[in-house]
Amino acid sequence: MAADWFAMHQAVQPDGYMVSDWATDDRSGLIWPSKAGWGHLHAMIQWEPASSTVGYTELCDQYVRDPLGLTPNPNDTTATEHRTPTPGGQYYVKNHGVFVAPGTPVALRVTHNEPLRDRWRLYALTSAAGWGWS
């Protein structure tokens, strides 16, 4: 993973879980806020081209509080956007303000409707100075 100067993606998470593989563990994409308040979420999304056999016709992205069901209020989504692919590359920047609280992780969640590929994925949100995907 790229530099994480603000310690948003801790290997030992606040609930005691230890991330052992940043490439495969869904928890590596979680942000654990250290303070309650108004958070500013920024993401850059880059999609692979659709496969030549079936392909996707819809892309979806959203911010989600507790995407893995670790709290009593899981899957609290906001800023959900559905998009159709453009003729060129699929590159998007997403910015949104959201209330955050310690103990409730936040993530960027993305999906598409191509039937032959995995669907929902969580991706790490990192500072603009150190973009990196888990």
Side-chain angles (χ1 to χ4, degrees):
M1 181 156 77
D4 186 13
W5 297 300
F6 298 101
M8 295 187 297
H9 307 283
Q10 305 93 331
V12 178
Q13 299 191 343
D15 64 353
Y17 182 87
M18 176 71 170
V19 174
S20 59
D21 187 338
W22 291 100
T24 61
D25 193 329
D26 280 341
R27 279 182 167 237
S28 67
L30 298 178
I31 293 174
W32 292 86
S34 60
K35 299 177 186 173
W38 188 248
H40 297 276
L41 303 176
H42 308 279
M44 186 170 80
I45 303 164
Q46 299 178 350
W47 288 94
E48 291 180 1
S51 72
S52 59
T53 53
V54 179
Y56 51 73
T57 59
E58 181 181 30
L59 304 170
C60 180
D61 52 78
Q62 60 188 193
Y63 291 117
V64 59
R65 292 179 194 91
D66 189 18
L68 300 178
L70 305 173
T71 71
N73 298 306
N75 292 307
D76 180 11
T77 62
T78 186
T80 300
E81 297 180 86
H82 294 265
R83 313 166 192 270
T84 56
T86 64
Q90 310 310 312
Y91 312 110
Y92 304 101
V93 176
K94 187 173 191 70
N95 299 290
H96 192 67
V98 63
F99 284 103
V100 297
T104 302
V106 180
L108 171 68
R109 188 163 58 182
V110 298
T111 191
H112 55 75
N113 67 345
E114 185 172 355
L116 302 177
R117 292 190 183 181
D118 289 338
R119 296 289 308 267
W120 285 109
R121 288 285 187 214
L122 299 179
Y123 287 93
L125 301 171
T126 62
S127 67
W131 286 105
W133 306 104
S134 59

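- With hydrogens and angles disregarded, a donor-acceptor distance shorter than 3.5 Å links the side chain of Asp66 to the backbone of Leu70.
- Between the CZ atom of Arg83 and the CD atom of Glu58 there is a distance of 11.0 Å, given to the nearest 0.5 Å.
- Atom OG1 in Thr104 sits 8.0 Å away from atom CH2 in Trp32 (nearest 0.5 Å).
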If you apply the rule side-chain contact (heavy atoms from CB on, under 4.5 Å), what do you find for Arg65 with Asn73, and how did you get there? CA-CA 8 Å; Arg65 292 179 194 91; Asn73 298 306; over 6 Å; no
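- Contact record, Gly103 with Pro105: O-CD, 3.7 Å, taken as the closest heavy-atom pair.
- Between Ala107 and Leu30 the shortest heavy-atom distance is CB-CD2, 4.2 Å.
- A side-chain donor-acceptor contact under 3.5 Å links Gln90 to the backbone of Gly88.
- Checking Thr78, Val106, Leu108 one by one against Leu41, the side chain to side chain contact (heavy atoms under 4.5 Å, CB included) holds for a single residue, Val106.
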Lys94/His96 under side-chain contact (heavy atoms from CB on, under 4.5 Å): CA gap, chis, key distance, verdict: CA-CA 7 Å; Lys94 187 173 191 70; His96 192 67; 5.6 Å; no
Go through the steps to decide whether Asp15 and Arg27 satisfy the test side-chain contact (heavy atoms from CB on, under 4.5 Å), and finish with yes or no. CA-CA 11 Å; Asp15 64 353; Arg27 279 182 167 237; 2.8 Å; yes
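- Scanning all heavy atoms of the two residues, the minimum distance from Thr84 to Tyr92 falls at O-OH, 4.0 Å.
- Using the six-membered ring where Trp is involved, His40 and Trp38 have ring planes that are perpendicular, over 60° apart on the 30 and 60° scheme.
- Atom CZ of Arg109 is separated from atom CG of Leu68 by 9.0 Å, given to the nearest 0.5 angstrom.
- The two residues Thr71 and Pro74 make their nearest non-hydrogen contact at O-CD, 3.6 Å.
- Below 30°, between 30° and 60°, or above 60°: for Trp47 and His112 the angle between ring planes is above 60°, a perpendicular geometry.
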Does the side-chain contact (heavy atoms from CB on, under 4.5 Å) test come out yes or no for Leu59 and Val110, once each step is laid out? CA-CA 8 Å; Leu59 304 170; Val110 298; over 6 Å; no
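- A donor-acceptor contact under 3.5 angstrom links the side chains of Thr57 and Asn113, judged on distance only.
- Closest of all the heavy-atom pairs between Lys35 and Pro102 is C-CD, 3.6 Å.
- In this structure, the separation between OH on Tyr63 and CG on Asn95 is 6.0 Å, given to the nearest 0.5 Å.
- Contact between Val19 and Ser28 at its shortest, heavy atoms only, is CG1-CB, 4.0 Å.
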